[in-house]
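Just below is one structure, and these are the notes that go with it.
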Amino acid sequence: MPEPNGVHPAWLPPEAFRAIGSRRTLVVGDDNRTRTVRAEVAHACARYGGALHGDRDGAHDLALVLDPEAGTGPEGFVLSRRDGVTTVVAGGPSGLLYGLFEVVRRGEAAFGADLPAETHRPALHRRMLDHWDNIDVHPVMGQVERGYAGGSIFWRDGAPRGDLARVRAYGRLLAACGVNAVAVNNVNVHATEAHLLTDRLGEVAAIAAELRPYGIRVHLSVNFASPIVLGGLETADPLDDGVRAWWARTTERVYETIPDFGGYVVKADSEGQPGPFAYGRDHADGANMLADALAPFGGVVHWRAFVYDHRQDWRDRSTDRARAAHDHFAPLDGRFRDNAIVQVKYGPIDFQVREPVSPVIAAMPDTRLAVELQVTQEYTGQQRHVCYLAPMWREVLGFRPWGPDGRAVSDVATELVAVSNVGDDPYWTGHPLAQANLYAFGRLAWAPGLDPADVLDEWISLTFPGDTGRLRRTLHEIMDGSWRTYERYTAPLGVGFMVRPGHHYGPDVDGYEYTPWGTYHFADRDGVGVDRTRATGTGFTGQYPQPWSDVYESLEECPDELLLFFHHVPYGHVLHDGTTVIQHIYDTHFAGAEEAAAMREQWEKAAGDVPPELHAKVRELLDEQVRGAREWRDQINTYFFRKSGIPDAHGRRVY
């Protein structure tokens, strides 16, 4: 379909539809989403000379058939090829749409050798992006909080954008990678955004109308204190009958306006946001109140577990931000309604480049859980650095909290949610290569077992369809290991943070060390790291089931990449690879900076393989990445040399 003027087509350029558009296609079904499928095929055929058929008996190369008796579920489909015909049969219209995009993904390969019937279903029921978009420009965070790709695609300067063509194009991109839900406003609900629930609901309905043809349901972040802020009540107590009635009436009006509305997202009693604690209630009380209001309409509430003391006394080493979510939520397991989903960040701190998997995920077997990732690269380079995050996410989703024979995170979670990295930048994500993270989120949410390198291959093939293989090799050289490269030149061994307070870009080793935020490294002249053991520390290791509780407790068994997250150790502590902690810090930071410089050299190979303006944009950003990696290297190495007094064994320059 046509792209808005001046906007990069990302992984759906016209050429990606050549294989379909040059053939005869039959589309069977008659509903809004099937009409979307038919329109996609018709547009491709008009460009590449194929034909769209409506007659089952007519000759065709591709059949896209909606059959409610198919047994695939509402989003699944069966793909097969026999006797020269590729067939997609779907039990629901969304499944037909996903089947179409699977054929697009395969390109000519979908029309090659015979293919036995393959059944495709999403592993996770809801695959959702949270936008941290503001209506008004926030004086600190701007139009999009933690947005690194320009302004909002929904709002501008306090008003909705007049042209929503880009929103529809966004929905199309999301459907093509498997996303089926979007929350359209910031979880930090400011005064203006609060009104989206009531007198500005029409703006949400307009967005929903653009996303609906691609099977994407709209969700809304709401202020827990809305009965006071919007309804004029004196309380927001979740057990108050008047408050519950207000939410019931308000929610009914939402569904009258948006019948397929998905539900609410809530950040409560966290970082200054109001919540049930003000009334002596707990998070289950708050979530269940909203769940009850949504239940008659099939809606859900996503209640974020990101709750901790952000006014911590740095002098008090017994208080541990990592413990907070488990301390608050694990005792509530089994008390949440079926349509109340506890949304848990993948790690116990805050989207760091390396964290252990949150113990909350294993601690609430009787609660529906959504695992929350961060596609927007707040702590991983802010879309100025190449950092392909799919390898990290694959590790998280494949982690087995109960040991190698137990279930994986992807088996425990019912949903995958991520903070969007999209803005009104011409490339959608600011950095053109950061598009791969958005694509990979959708694909891993659909099939968590996919190989990140294979997902990157898909993105490359779709985004650069004319590639002869040289560009693919170059991008793999740059991107496959980019997450570990970023880790090498930033925070070592799982210690986290060490970033500039506020905007979180660039190094500042002690930036948060004496603040109330609870993100400390405790480096001194003798060692570094946070003691979170049961024996001598905060006891955080005890929040994990076996075997990980003991693995993380043990200095000998703890994985090196998480050592400083769980232990305070001397600089001379020897890692499993035989190097000391201090030498590891030096070695990795020198290596990471060298790898960043190599990325820039590798990108020069792509000149001529991509449009000149895209090549220039990436080259400019790689220049910044090389500069930033050197700055990280020099500040981290110098800091720890001055703390420890131990020189680099290889005599490299440390300032």
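With sequence neighbours excluded, no residue forms a ring-ring contact (aromatic ring centres under 6.0 Å, His included) with Phe441. Among residues two or more places apart in sequence or in another chain, the ring-ring contact (aromatic ring centres under 6.0 Å, His included) test is passed with His131 by Phe154, Tyr170. For Ser152, the side chain to side chain donor-acceptor pair (under 3.5 Å) test picks out Asp133, with sequence neighbours left out. Partners of His53 under the side chain to side chain donor-acceptor pair (under 3.5 Å) rule, at least two apart in sequence or in another chain, do not exist in this structure. With sequence neighbours left out, Tyr98 forms a ring-ring contact (aromatic ring centres under 6.0 Å, His included) with Trp446. Partners of Tyr379 by ring-ring contact (aromatic ring centres under 6.0 Å, His included), not counting sequence neighbours, listed by chain and number: Phe497, His504. Residues satisfying the side-chain contact (heavy atoms from CB on, under 4.5 Å) criterion with Pro13, sequence neighbours excluded, are Pro9, Ala16, Pro465. Applying the side-chain contact (heavy atoms from CB on, under 4.5 Å) rule to Ala413 yields the partners Val371; only residues at least two apart in sequence or on another chain are considered.
For residues 606-621, the set of pairs meeting the salt bridge (charged side-chain N to carboxylate O under 4.0 Å, His left out) definition, not counting sequence neighbours, comprises Arg470-Asp609. Judged as a ring-ring contact (aromatic ring centres under 6.0 Å, His included), the pairs with a partner in residues 600-623 (not counting sequence neighbours) are, in order, Trp603-His615. Judged as a salt bridge (charged side-chain N to carboxylate O under 4.0 Å, His left out), the pairs with a partner in residues 409-419 (not counting sequence neighbours) are, in order, Arg126-Glu415, Arg368-Glu415.
Looking at heavy atoms from C-beta onward, His125 lies out of side-chain contact with Thr414 at the 4.5 angstrom threshold.
A ring-centre distance under 6.0 Å is not found for His385 and Tyr148.
In this pair, Trp11 and Tyr439 present their aromatic rings perpendicular. The plane angle is above 60°, beyond the 30 to 60° band.
Looking only at distances, a side-chain donor or acceptor of Glu355 sits under 3.5 Å from a matching main-chain atom of Asp350.
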Contacts under 3.5 angstrom, residues 43-51 side chains, donor-acceptor by atom type, not counting sequence neighbours:
from	atom 1	to	atom 2	distance (Å)
Tyr48	OH	Pro14	O	3.2
Tyr48	OH	Glu15	N	3.3
Tyr48	OH	Glu15	OE1	3.4

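A cation-pi arrangement is present between Arg166 and Trp428, with the terminal nitrogen or guanidinium carbon under 6.0 Å from the aromatic centre and inside a 45° cone about the axis.
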